[in-house]
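Remarks on the structure that follows.
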There are 2 protein chains.
Amino acid sequence: MSVTIRDVARVSGFSIKTVSNVINGHPQLRPETRQRVQDAIDQLGYRPNLSARNLRSGRSGVIGLIIPDLTTAYFAELADAVMRKAAAKGLAVLIEPIGSGRDNELAALSGKHRHMVDGIIYNALTLNAGDAELLRSVDTPLVVLGDTSFNGRVDRITMANTAGARAATEHLLAVGRRRILALGAHEGEIIAAAELRLAGYRQAVEAAGLTFDPDLVHYADSWHRRGGAAVMAKLLDDGLKFDAVFAFNDTLALGAMRVLQEAGVRIPEDVAIVGFDDLDETRYSLPALSTVNPRRDEIAEAAVDTLLRRIEGGSELEAHEIETGFSLEIRQSSGPVLTGAAGANTAA
Amino acid sequence: MSVTIRDVARVSGFSIKTVSNVINGHPQLRPETRQRVQDAIDQLGYRPNLSARNLRSGRSGVIGLIIPDLTTAYFAELADAVMRKAAAKGLAVLIEPIGSGRDNELAALSGKHRHMVDGIIYNALTLNAGDAELLRSVDTPLVVLGDTSFNGRVDRITMANTAGARAATEHLLAVGRRRILALGAHEGEIIAAAELRLAGYRQAVEAAGLTFDPDLVHYADSWHRRGGAAVMAKLLDDGLKFDAVFAFNDTLALGAMRVLQEAGVRIPEDVAIVGFDDLDETRYSLPALSTVNPRRDEIAEAAVDTLLRRIEGGSELEAHEIETGFSLEIRQSSGPVLTGAAGANTAA
DNA sequence: CTGAAAGCGCTTACAG
DNA sequence: CTGAAAGCGCTTACAG
């Protein structure tokens with residue numbers, strides 16, 4: 001039914017081996033041979049059968065991306081970035097949205113998808129250092145996205161949580177703010193990013209010669225719009241005074257901003273706000289939200305490259321840990337107080 | 001290296017054929033045989049090699065989902081729904097975000113992903129009736145998501161655009177609104193949904209004995225927050241009077257709502273708003289947005305089922321066209337005017 | 001540079 | 001119910 005390499009061989013008059021060489025870009029072929037084989041391929045509309053190739057090579061050309069869900073903007077944008085980088089390397093991506101919770105996250109590691117992919121990029125939220133053994137026992141090449149350290153035993157890509165948070169806070173200090181709320185801390189929390197971002201905030205405050213004030217640190221159950229709105233509503237009720245907010249992610253910032261505006265607080269005149277993640281929508285909020293850009297492109301590229309290295313190098317290879325860079329996107333929510341169009345200034 | 005069916009046969013003492021029968025749930029096997037084979041499978045940790053199975057069967061167990069992008073909330077939620085329904089049928093989903101524009105959309109049909117999937121769910125925005133021939137020429141089973149009619153020649157799933165829009169408008173009329181803006185029309189537009197939703201709006205208005213007023217119909221370049229904000233800003237500038245807005249999608253509605261609130265217009269007291277899509281975030285906006293729920297779950301299920309039917313039935317099968325249902329989610333933005341918690345009432 | 005042949009792991013007629 | 005064997009389409013030593 002379908003055209004095979006054998007048909008191409010027959011039509012072109014060359015052997016199967018030669019046809020295979022042409023398909024796989026083998027260098028030592030005389031141009032004329034290559035051309036005649038290519039003509040036969042075009043004429044027949046031949047396409048290599050990937051199942052056969054994979055069976056032979058032991059590779060599928062597909063990598064898995066395990067994330068909690070696809071409907072959270074952060075993960076959707078991450079998945080998009082990973083797909084682009086993977087496509088550039090000739091790989092397809094199979095996304096597995098696993099839901100939240102440690103049980104789901106661990107179960108995904110033994111899911112059946114594992115057997116159709118060459119490797120996995122794994123973004124779990126509940127991993128801890130004690131899981132290193134478990135992760136190493138997975139027999140599929142694996143790269144972890146996240147902030148938990150496994151002491152160099154697992155390939156891992158992290159973002160600049162502390163440095164980014166520090167830069168965001170320093171920016172707020174630089175534009176003259178002194179009582180900066182830290183929004184999104186987690187008490188005794190499994191989410192390592194919260195701790196790291198709080199550390200960056202604290203570093204900036206103390207480096208500026210100010211005293212770190214625990215009264216300015218506030219918790220949020222969930223890092224979503226609703227969480228940001230709820231916390232901010234409570235703080236306004238309590239009559240807390242502040243002139244800036246550093247929210248640990250963008251959706252918290254957007255939720256908080258919304259409540260502030262409802263209450264008649266002007267942004268950035270009365271309160272300046274900076275978020276973290278650089279979600280697409282931060283460009284379109286009113287005012288546009290300043291934020292830390294964790295360079296998802298860089299994260300995606302590092303993840304794909306590290307995974308490929310692991311796939312090709314095997315389990316004996318030493319584990320890599322890569323921390324990606326960041327940039328601070330200064331927009332209206334913390335920018336100079338004037339009426340003008342939104343502008344995204346980038347500072348490293 | 002890896003465990004094969006041959007190893008299971010050897011360890012269990014049965015033939016390869018019998019092992020295969022057990023793996024594939026063949027009914028006529030005595031329980032004891034089944035058990036002993038299963039024990040060997042468990043003991044060895046055997047997992048079928050999917051490439052081999054696919055090579056043999058001509059199936060991959062993977063379907064493709066072609067969408068413009070993954071960062072638009074609507075498509076992310078659609079992809080999520082499709083993955084869930086596919087998983088329930090034992091299928092994995094390979095998402096291909098193709099970018100916008102007709103060139104990209106057509107190019108995707110000949111993309112190489114096509115050869116690793118058993119079938120494709122295709123959500124293109126720029127298709128027209130003249131593309132039926134092209135779609136039929138694709139040799140991979142295909143289901144189209146969208147509103148363009150191909151006269152029964154291509155499998156297709158559509159949503160209740162007109163009925164949903166009519167219900168939304170009727171609801172606004174029922175709560176006493178008379179000058180209802182239709183936001184998101186497209187002039188001479190390729191996006192069929194805009195036309196269908198406008199038709200539903202018009203039907204409702206005329207059925208109520210009112211005159212359809214073209215001055216209340218407004219265009220939006222893009223169905224995004226920014227588009228909704230821009231149009232609404234202009235209308236306020238122009239001093240147009242209205243007491244309700246039916247926006248053709250949720251992001252338009254959210255953008256418009258934002259601008260209205262900035263201008264001191266109370267929602268729903270002064271202006272009631274209803275959107276379309278039932279995005280997750282409509283539950284969390286302030287006020288929560290009333291919207292038409294196009295039942296993405298139903299769309300996803302219909303798409304997966306129709307695709308499976310096509311994969312199994314071949315190209316001779318008559319084309320199916322399925323229109324899914326909808327529900328109207330009445331929330332605060334158009335609800336009774338009182339101060340209370342958000343509540344999502346569902347009315348069919 | 002090229003050809004004939006083995007084998008990746010599975011499923012499925014075919015024969016018993 | 002079970003076994004021996006063919007073959008899905010490809011790549012790759014091996015021999016020339």
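Numbered from 1 within each chain, the chains take letters A, B, ... in sequence-line order.
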Self-check item: Test log, rule side-chain contact (heavy atoms from CB on, under 4.5 Å), inputs Leu127(A) and Tyr122(A)
Solution: CA-CA 10 Å; Leu127(A) 293 178; Tyr122(A) 183 52; 3.9 Å; yes

Quiz item: Please walk me through it: do Leu109(B) and Leu142(B) pass side-chain contact (heavy atoms from CB on, under 4.5 Å)?
Solution: CA-CA 10 Å; Leu109(B) 285 177; Leu142(B) 184 74; 4.3 Å; yes

Exercise. Determine, stepwise, if the pair Phe14(B) / Val22(B) fulfils side-chain contact (heavy atoms from CB on, under 4.5 Å).
Key: CA-CA 11 Å; Phe14(B) 290 97; Val22(B) 171; over 6 Å; no

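Checking dG3(C), dG3(D), dC1(C) against every side-chain atom of Thr18(A), the shortest atom distance belongs to dG3(C).
Screening Arg310(A), Lys85(A), Lys89(A) for a salt bridge (charged side-chain N to carboxylate O under 4.0 Å, His left out) with Asp305(A), the sole residue that qualifies is Lys89(A).
Each salt bridge (charged side-chain N to carboxylate O under 4.0 Å, His left out) pair with one or both residues in residues 68-77 of chain B, not counting sequence neighbours, appears once here: Glu77(B)-Arg296(B). For residues 2-31 of chain B, the pairs satisfying salt bridge (charged side-chain N to carboxylate O under 4.0 Å, His left out) are Asp7(B)-Arg10(B), with sequence neighbours left out.
When rounded to the nearest whole Å, the span between CD1 of Ile41(A) and C1' of dC10(D) equals 13 Å. Between the CZ atom of Arg10(A) and the P atom of dC10(D) there is a distance of 13 Å, rounded to whole Å. Separating the CG atom of Asn49(B) from the P atom of dG7(C) is a distance of 17 Å, rounded to the nearest angstrom. Separating the CD atom of Glu32(B) from the P atom of dC1(D) is a distance of 11 Å, rounded to the nearest angstrom. If you measure from atom CG of Leu55(A) to atom C1' of dG7(C), you get 9 Å, rounded to the nearest angstrom. In this structure, Arg47(B) places its CZ atom 13 Å from P of dC10(C), rounding to the nearest Å.
Counting only Watson-Crick or G-U wobble pairs whose defining distances are both under 3.5 Å, the stems of 3 or more consecutive pairs in DNA chain C are C:1-3 with D:14-16, C:5-12 with D:5-12, C:14-16 with D:1-3.
Between Asp131(A) and Arg102(A) there is a salt bridge, since a side-chain N of the basic residue sits under 4.0 Å from a carboxylate O of the acidic one.
OP1 and OP2 of dG9(C) both lie 4.0 Å or more from every side-chain N or O belonging to Thr4(B).
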Quiz prompt | Under 4.0 Å protein heavy-atom contacts per nucleotide of nucleotides 11-16 of chain D, with B for base, S for backbone only and - for none | solution = BBB---

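Within the 4.0 angstrom heavy-atom criterion, no nucleotide atom of any strand lies near Ser51(A).
Residues passing the side-chain contact (heavy atoms from CB on, under 4.5 Å) test with Glu312(B), sequence neighbours excluded: Arg59(B), Leu308(B). A search for side-chain contact (heavy atoms from CB on, under 4.5 Å) contacts involving Asp80(B) returns Leu70(A), Thr71(A), Pro97(A), Arg84(B), not counting sequence neighbours.
Comparing the C1' positions of dG16(C) and dT12(C) gives a spacing of 16 Å, expressed to the nearest Å.
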